[in-house]
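Heads up: the structure comes next, in structure tokens.
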Amino acid sequence: MKDGTAFSWQIPAEAKDPYANRDPRFYADVLYNGAPYKNRTAQFYTGGLDSKTSSLSPWNASKTGYTIRKMIDESYDFNNQEYSKCQWVVFRLAEIYLNYAEASAELGNTADALKYVNLIRKRADMPDLTAANLVDKIRQERRIELCFEGHRYFDLRRWNLAETGAGDALGIQITPTSAANTSFTYKTQVIEDRVWKPALTLYPIPRSEIQKNPNIKQNPGYK
């Protein structure tokens, strides 16, 4: 949320209007129901143009009720242009700051950690973090700042927390409550069942490598 607290579907006011007063990076990174995009607003509600019941291309609609806005060149028109000339950023300054902040926090260098993580939050117009539970806060900041950039999967493995990211995939069911489709109710729903096995924390060692050196023991959970 804009005030730095965590959004929750269990808070009635937030569940009623889930896209209000959010972290500015939410609006920059995510296309959600009602978000302005090019010459119209996104319609992920039941029967909307971007929903699974769309009259245009329901086969290509979002399963979750959201889609990615981050890294999209909104000036691009595939009807008139062969490709976008937008440059791809491989390594951002924000990642450098987050890497340093995380290492500093783990080493107990709280002042340095706060300095660099709060530089990122200041740019996003978010309140500063405080020292309490700082490692967990920096991990959450990575989740927000680096979302859709391919880090989360490896971060969870690096922290030995892969199981926390292995829950069922959730989406949002959006139902219009007015004839003009201007008001809605929102309900979370499971869109894909996921199965977690502890063995998945580690990759299996290739059998060919074990055959080369019988002293190598296979990782737990693999045969």
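Start at 1 with the first residue, then count along the sequence.
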May I ask whether [X] and [Y] are part of the same hydrophobic cluster, defined by side-chain heavy atoms of I, L, V, M, F, W, Y residues being less than 4.5 angstrom apart, directly or through others?
X	Y	answer
F91	Y116	yes
V89	I120	no
M126	Y19	no
Y66	L146	no

Going by heavy atoms in the side chains, are [X] and [Y] under 4.5 Å from each other?
X	Y	result
T177	S183	yes
Y97	V117	no
W9	K187	no
D29	I68	no
C147	R152	no

Inset, instruction - Would you please test N21 and D3 for side chain to side chain contact (heavy atoms under 4.5 Å, CB included) and show each step? - result: CA-CA 8 Å; N21 303 314; D3 63 3; over 6 Å; no

Legend entry - Chi angles and distances behind the side chain to side chain donor-acceptor pair (under 3.5 Å) call for D112, Y100: CA-CA 8 Å; D112 265 0; Y100 185 77; 3.0 Å; yes

Quick one: do [X] and [Y] make a salt bridge, cutoff under 4.0 Å?
X	Y	value
E163	K197	no
E14	R22	no
R69	E74	yes
E145	R92	yes

Ignoring hydrogens, what is the shortest heavy-atom contact between [X] and [Y]? Give both atom names and the distance.
X	Y	result
V90	E95	O-OE1, 4.5 Å
A124	P24	O-CG, 3.3 Å
T41	D50	O-OD2, 4.4 Å
I144	D23	CG2-OD2, 3.9 Å
R157	L202	NH1-N, 4.0 Å
A166	R194	O-CB, 3.6 Å

Inset, instruction - Could you walk me through whether F26 and F7 pass side chain to side chain contact (heavy atoms under 4.5 Å, CB included), step by step? - result: CA-CA 11 Å; F26 174 85; F7 171 86; over 6 Å; no

Assess whether atom [atom1] of [X] is packed by more than 12 heavy atoms of other residues, nucleotides or ligands within 6.0 Å.
X	atom1	value
K70	NZ	yes
R143	CZ	no
K63	NZ	no
R207	CZ	no

Inset, instruction - Considering only Ile, Leu, Val, Met, Phe, Trp and Tyr, and joining two whenever side-chain heavy atoms are under 4.5 Å apart, list the other residues clustered with L200. - result: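 Besides L200, the cluster holds W196, Y222.
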
[X] [atom1] to [Y] [atom2] distance, which is reported to the nearest 0.5 Å:
X	Y	atom1	atom2	value
W59	K52	CH2	NZ	16.0 Å
L170	Q189	CG	CD	9.0 Å
I191	S62	CD1	OG	7.0 Å
Q173	T188	CD	OG1	9.5 Å
R139	D155	CZ	CG	9.0 Å
L98	L93	CG	CG	9.5 Å

Inset, instruction - For the residue pair R142 and N99, confirm or rule out a side-chain donor-acceptor distance under 3.5 Å. - result: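 Yes, side-chain donor-acceptor contact under 3.5 Å.
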
Legend entry - Donor on one side chain, acceptor on other, T130 and K137, under 3.5 Å: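 Result is yes, a qualifying pair exists.
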
Between [X] (side chain) and [Y] (backbone), is there a donor-acceptor pair under 3.5 Å?
X	Y	value
D168	V190	no
T53	G47	yes
R121	D128	no
S51	G48	yes
T46	I174	yes

Legend entry - side chain to side chain donor-acceptor pair (under 3.5 Å) assessment of N80 paired with D77: CA-CA 6 Å; N80 299 319; D77 183 349; 2.9 Å; yes

Inset, instruction - Take S55 and L49, measure what side chain to side chain contact (heavy atoms under 4.5 Å, CB included) needs, and give me the verdict at the end. - result: CA-CA 6 Å; S55 59; L49 293 177; 3.9 Å; yes

Legend entry - Worked check of side chain to side chain contact (heavy atoms under 4.5 Å, CB included) between L134 and L114: CA-CA 8 Å; L134 185 55; L114 285 170; 3.7 Å; yes

Inset, instruction - Enumerate the residue pairs fulfilling ring pair (Phe, Tyr, Trp, His ring centres under 6.0 Å) with a member in residues 147-179, sequence neighbours excluded, ordered by first and then second residue. - result: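 Listed once each, the pairs would be none.
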
Would you be so kind as to tabulate the donor-acceptor pairs closer than 3.5 Å made by side chains of residues 31-38, with sequence neighbours excluded?
residue, atom, partner, partner atom, Å
N33, OD1, F44, N, 3.0
N33, OD1, Y45, N, 3.3
K38, NZ, Y76, O, 2.5

